[in-house]
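Input: a single structure, listed below in structure tokens.
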Amino acid sequence: MSETAIRPALITKVLPDSIAAEIGFEPGDRLVAINGNQPRDLIDYQFLCADEVLELEVLDAAGIAHQIEIEKDYDEDLGLEFDTALFDGLIQCNNRCPFCFIDQQPPGKRQSLYLKDDDYRLSFLYGSYLTLTNLTQREWERISRLRLSPLYVSVHATEPEVRSQLLKNPRAGQILQQLKWFQEQRLQIHAQVVVCPGINDGVHLERTLLDLASFHCGDLPAVASVAVVPVGLTRFRPTEGELIPVSREKAREVIHQVRSLQDKLRISLGSTFVWLADEWFLIAAQELPPESEYEDYPQIDNGVGSIRSFLKQFSDAAQQLPQRVSPPRRFTWVVGNAVEKAFGPILHQLNSVVGLEVNMCALCSDYWGQAITVTGLLTGQDLLQKLQGRDLGDGILLPAVMLKYGDSCFLDDMTVEELARQLNTPILPVRGVEELIETCIY
Ligand code: SF4
């Protein structure tokens, strides 16, 4: 890891009616220090702001320094947003996983799309997965001191040689000692295992899941949950790749293996503990597990149970669907073809509202070269190619999972505005069930 100097934090938004707005902060100002301390990142910022008296050092857009004193309740937010969560730069990845999604993108895109982050701060703040292979002693100490828990760890395999082979990094073999460290510190992780057929499946997967289960004990289990995810491959993967795509047979084998283990773990641990990503069932063409199996959906952001939860939320909310809408309207709902069948009942219910017509467009991604695609991987180019020239009605209902976090760009960097212009149709991003229904009926 390279240690970069801390930059003053660039303010991009001042929330209305906040303390910062009252004082006169403006986007473009830079926060240098709080009570004499320069925050490294959003985590420091939040800790430093939890004081009642703050002495802020700020540079305005013209570069002029200001000292500002604030008195506030200790838990009151200042109302500032920044251009990044990391004021001292991203901690980059030092692995070379053959399945890395960053390496499976087409060449020639903007530089930031090729940045490989492996930063524990992003894991703590946003739940992104990290490998723990690049942490210095100083960062381990900080995790412990600031109680940064839970973190989200890509384990993949617990046998040192298998994990080192997968991550192409000899330091990757220390995972069991690291899990022990979390246990001793009383800190938690959620784990994921990306299954690459022929490398970490079969007996290796069994070993990994049993090792992880051995850390699920006591009042604060060090390993809180595990997601088992199939490797995702695109047509841009390196040609010398050793990876085999997950076939229907392989998906069925893994489902059988993990479900047998789940049955045992429910008895020994009192929790299902290990969950299969929805994608396994889509590839295997099998029914998704019932809602009761997902407990409190600890890995929903990793595609575990998200379809089941969406269906459940919809069936609850559907009771409030009106019988008719006026004036009549017609929408195109774009989803990945992987969920076409699962979302059939939703489509049926929406179309039972008189005056509302929703046409589902279930697409695969030619951009990534996939015959079966989950919704979150569809790109602007996929939509453009497949929707051009069609009658799209009054607008496109666009699941916001296709857009990068906090952004209005697709994975291929096309913006929503550009797509709307090219298709000459309004695009209505919908975040979850409520927005889907609201957009359709209001
Ligand atoms: S750790 Fe993540 S970012 Fe790094 S090479 Fe592996 S998959 Fe890519």
Side-chain angles (χ1 to χ4, degrees), residues 1-2 4 84-86 89-107 109-136 139-140 143 150-176 178-179 182 189-201 204-205 208 212 226-246 277 279 299 301-304 368 370 374 376-377 404-405 411-412:
M1 184 205 105
S2 60
T4 333
T84 170
L86 309 172
L90 183 75
I91 302 179
Q92 293 200 35
C93 160
N94 61 356
N95 307 308
R96 287 181 298 115
C97 311
F99 54 83
C100 182
F101 195 74
I102 306 291
D103 294 331
Q104 293 194 63
Q105 299 185 97
K109 298 276 167 191
R110 110 181 114 86
Q111 217 36 45
S112 64
L113 289 181
Y114 302 109
L115 273 183
K116 294 185 182 181
D117 73 77
D118 200 15
D119 196 313
Y120 68 96
R121 287 124 10 125
L122 298 181
S123 186
F124 176 68
L125 291 166
Y126 307 121
S128 58
Y129 272 89
L130 86 158
T131 63
L132 304 173
T133 57
N134 60 0
L135 293 180
T136 59
E139 307 299 347
W140 282 109
I143 292 171
L151 294 183
Y152 294 76
V153 179
S154 286
V155 171
H156 305 326
T158 49
E159 292 162 283
E161 54 296 348
V162 180
R163 191 166 191 259
S164 298
Q165 185 204 344
L166 259 175
L167 273 59
K168 302 269 183 292
N169 184 346
R171 292 184 68 173
Q174 298 163 8
I175 188 70
L176 284 173
Q178 290 165 337
L179 294 179
F182 279 96
I189 68 149
H190 291 278
Q192 77 165 350
V193 175
V194 172
V195 175
C196 300
I199 305 179
N200 62 343
D201 55 344
H204 302 299
L205 179 60
T208 298
L212 290 171
V226 184
V228 178
V229 182
V231 65
L233 301 179
T234 84
R235 69 188 166 99
F236 302 106
R237 67 179 182 273
T239 43
E240 72 282 5
E242 60 213 273
L243 297 171
I244 305 168
V246 173
E279 244 185 296
Q299 295 264 4
D301 291 336
N302 206 0
V304 178
W368 298 118
Q370 293 173 333
V374 292
L377 281 184
K404 288 182 274 175
Y405 181 80
L411 282 176
D412 60 357

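One-based numbering, in listed order, for ligands and for the atoms of each. We count residues from 1, following the sequence as given.
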> Is there a protein heavy atom less than 4.0 Å away from atom 2 (Fe) of ligand 1?
Replying inline: no
> Do any N/O/S atoms of Cys93 come under 2.8 Å of atom 6 (Fe) of ligand 1?
Replying inline: no
> Can Tyr120 and Glu139 be counted as having a side-chain donor-acceptor contact under 3.5 angstrom?
Replying inline: yes
>> Is a donor from one side chain sitting under 3.5 angstrom from an acceptor on the other, for Asp117 and Gln92?
In response: no
> Which residue and non-hydrogen atom of the protein lie closest to atom 8 (Fe) of ligand 1, and at what distance in Å?
Replying inline: Cys100 SG, 2.3 Å
>> I'd like to check which ligand 1 atoms, numbered from 1 as shown, lie under 4.0 Å from a non-hydrogen atom of Thr131.
In response: 1 (S)
>> Between Phe101 and Trp368, is the ring pair (Phe, Tyr, Trp, His ring centres under 6.0 Å) condition met? List the steps.
In response: CA-CA 11 Å; Phe101 195 74; Trp368 298 118; 4.9 Å; yes
> Does the pair Tyr152 and Gln192 meet the rule for a side-chain hydrogen bond (donor to acceptor under 3.5 Å, both in side chains), with working shown?
Replying inline: CA-CA 8 Å; Tyr152 294 76; Gln192 77 165 350; over 6 Å; no
>> Do Asn94 and Asn169 pair up side chain to side chain, a donor and an acceptor below 3.5 Å, judged on atom types alone?
In response: yes
>> Please list, in number order, the atoms of ligand 1 under 4.0 Å from a heavy atom of Asn95.
In response: 1 (S), 5 (S)
>> Just to check, does Ile102 reach to within less than 4.0 Å of ligand 1 when the distance is taken from its heavy atoms?
In response: no
> With a 4.0 Å cut-off on heavy atoms, does Asp118 reach ligand 1?
Replying inline: no
> Among protein heavy atoms, which sits nearest to atom 5 (S) of ligand 1, and what does the distance come to when rounded to 0.1 Å?
Replying inline: Cys97 N, 3.4 Å
>> Taking side chain to side chain contact (heavy atoms under 4.5 Å, CB included) as the criterion, tell me which of Leu212, Thr133, Val153 meets it with Ile175.
In response: Val153
